[in-house]
Number of protein chains: 2
Amino acid sequence: MLSRIFRAMIKETDTFFKMLADNTRLRCLMLMQAEGELCVCELTHALNLSQPKISRHLAHLREAGVLVARRNGTWMNYRINPDLQAWALEVLQTTLDGVRQSEPFISDSNMLGTMANRPGLACCA
Amino acid sequence: MLSRIFRAMIKETDTFFKMLADNTRLRCLMLMQAEGELCVCELTHALNLSQPKISRHLAHLREAGVLVARRNGTWMNYRINPDLQAWALEVLQTTLDGVRQSEPFISDSNMLGTMANRPGLACCA
DNA sequence: AACATATATATGCTTTCACGTATATTTCGC
DNA sequence: GCGAAATATACGTGAAAGCATATATATGTT
């Protein structure tokens, strides 16, 4: 079985860090690193920012290869690209461990946790 | 002995990544992570870039708390701030491990290695 | 003090990037 | 097909950031 041979190569190393160099994008990434797949409305709610703003940043992250997207009905689910270079994935995890106990991660995480009608967590489950 | 209690706190997490988000700065940082302390002329030679360009980026890195500087005669030696948060130091090491076998790190490292009259490595040692 | 070396800063310019608002697109249920 | 919900994009604007060139500062030597 010739499974994934090619990793999602980010052209330049600094491109990866450019994606982490914006607070909105970083908050989104940290939430996804912690929670896995999230949709636009969950991120919009958690960060309390406008939908276009979130959507545009997610598009950037996707174009850069940092995120992958999966459509589920009207929802678009984004998650960190599992085919990123190993060192890049490790950087994300290390960063999460570093910010886990501090703002804005705590608030974002709480907002997400208390969100009503999350698409993934069906109301009737 | 009340040694270092306070770590060099970077105000915002994304500020740290902004510093890594420029190719010139990243190349400098990777060299310093690998080699330790380096002076401006060594970096200028290794990256083959203009002195003002290197100097300005080092100043940015210093202002952001990512680097510390030490004067030695006419030379200014820069090194990665050892008081950075642990996760930030780990990110730098992980990144170095990730780029060690690829360009531009290989070339930069070679250029540094073959540089004549390096200030640190005295000619008469 | 004059000079050379190493480094830092200033200036003017161009590009990149993030933003808010408005609008378009996609999908689903009817 | 139509309306509603979720998401994406377009447009105009302002701020930030990088660059090259020129120049200033600091240190050591004579």
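All chains are named by letter (A, B, ...) in the order of the sequence lines, taking the proteins before the strands, and each is independently numbered beginning at 1.
With sequence neighbours excluded, the residues forming a salt bridge (Lys or Arg N to Asp or Glu O under 4.0 Å) with Asp108(A) are Arg27(A), listed by chain and number. The salt bridge (Lys or Arg N to Asp or Glu O under 4.0 Å) check on Asp22(A) picks up nothing, with sequence neighbours excluded. For Glu12(A), the side chain to side chain contact (heavy atoms under 4.5 Å, CB included) partners are Asp14(A), Thr15(A), not counting sequence neighbours.
When rounded to the nearest whole Å, the span between CG of Leu49(A) and P of dT21(C) equals 13 Å. Rounding to whole angstrom units, CG of residue Asn23(A) and C1' of dC19(C) are separated by 14 Å. Residue Leu43(A) contributes atom CG, which lies 11 Å from atom P of dA8(D) at whole-angstrom precision. Atom pair Ile54(A):CD1 and dC19(C):C1' shows a separation of 13 Å (rounding to whole Å applied).
For DNA chain C, the neighbouring residues in residues 70-77 of chain A, judged by any heavy atom under 4.0 Å, are Arg71(A), Gly73(A), Thr74(A).
Pairs engaging residues 27-50 of chain A under the ring pair (Phe, Tyr, Trp, His ring centres under 6.0 Å) rule: none recorded [sequence neighbours left out]. Listed by first and then second residue, the salt bridge (charged side-chain N to carboxylate O under 4.0 Å, His left out) pairs that reach into residues 49-58 of chain B come to none, sequence neighbours excluded.
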Please tabulate, for side-chain N and O atoms in residues 58-80 of chain B, each donor-acceptor pair with protein atoms closer than 3.5 Å (sequence neighbours left out).
from     : atom 1 : to       : atom 2 : distance (Å)
Arg70(B) : NE     : Glu37(B) : OE2    : 2.9
Arg70(B) : NH2    : Glu37(B) : OE1    : 2.7
Arg71(B) : NH1    : Gly73(B) : O      : 3.1

Let me check something: any side-chain donor-acceptor pairs from residues 91-104 of chain A under 3.5 Å, sequence neighbours excluded? List them with distances.
from      : atom 1 : to        : atom 2 : distance (Å)
Gln93(A)  : OE1    : Gln33(A)  : NE2    : 2.7
Gln93(A)  : NE2    : Asp97(A)  : OD1    : 3.0
Thr94(A)  : OG1    : Glu90(A)  : O      : 2.9
Thr95(A)  : OG1    : Val91(A)  : O      : 2.7
Asp97(A)  : OD1    : Arg100(A) : NH1    : 3.3
Ser102(A) : OG     : Val99(A)  : O      : 3.0
Glu103(A) : OE1    : Ser107(A) : N      : 3.2
Glu103(A) : OE1    : Ser107(A) : OG     : 2.6
Glu103(A) : OE2    : Ser107(A) : OG     : 3.1

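At the phosphate of dA8(D), OP1 or OP2 sits under 4.0 Å from a side-chain N or O atom of Tyr78(A).
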For nucleotides 17-22 of chain D, which of its nitrogen or oxygen atoms have a protein nitrogen or oxygen under 3.5 Å away, and what is each distance?
from    : atom 1 : to       : atom 2 : distance (Å)
dG18(D) : OP1    : Arg25(B) : NH1    : 3.0
dG18(D) : OP1    : Arg25(B) : NH2    : 2.7
dC19(D) : OP1    : Lys53(B) : NZ     : 2.7
dC19(D) : OP2    : His57(B) : NE2    : 2.8

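Using a 30° and 60° split on the angle between ring planes, Phe17(B) and Phe17(A) fall in the parallel class, below 30°.
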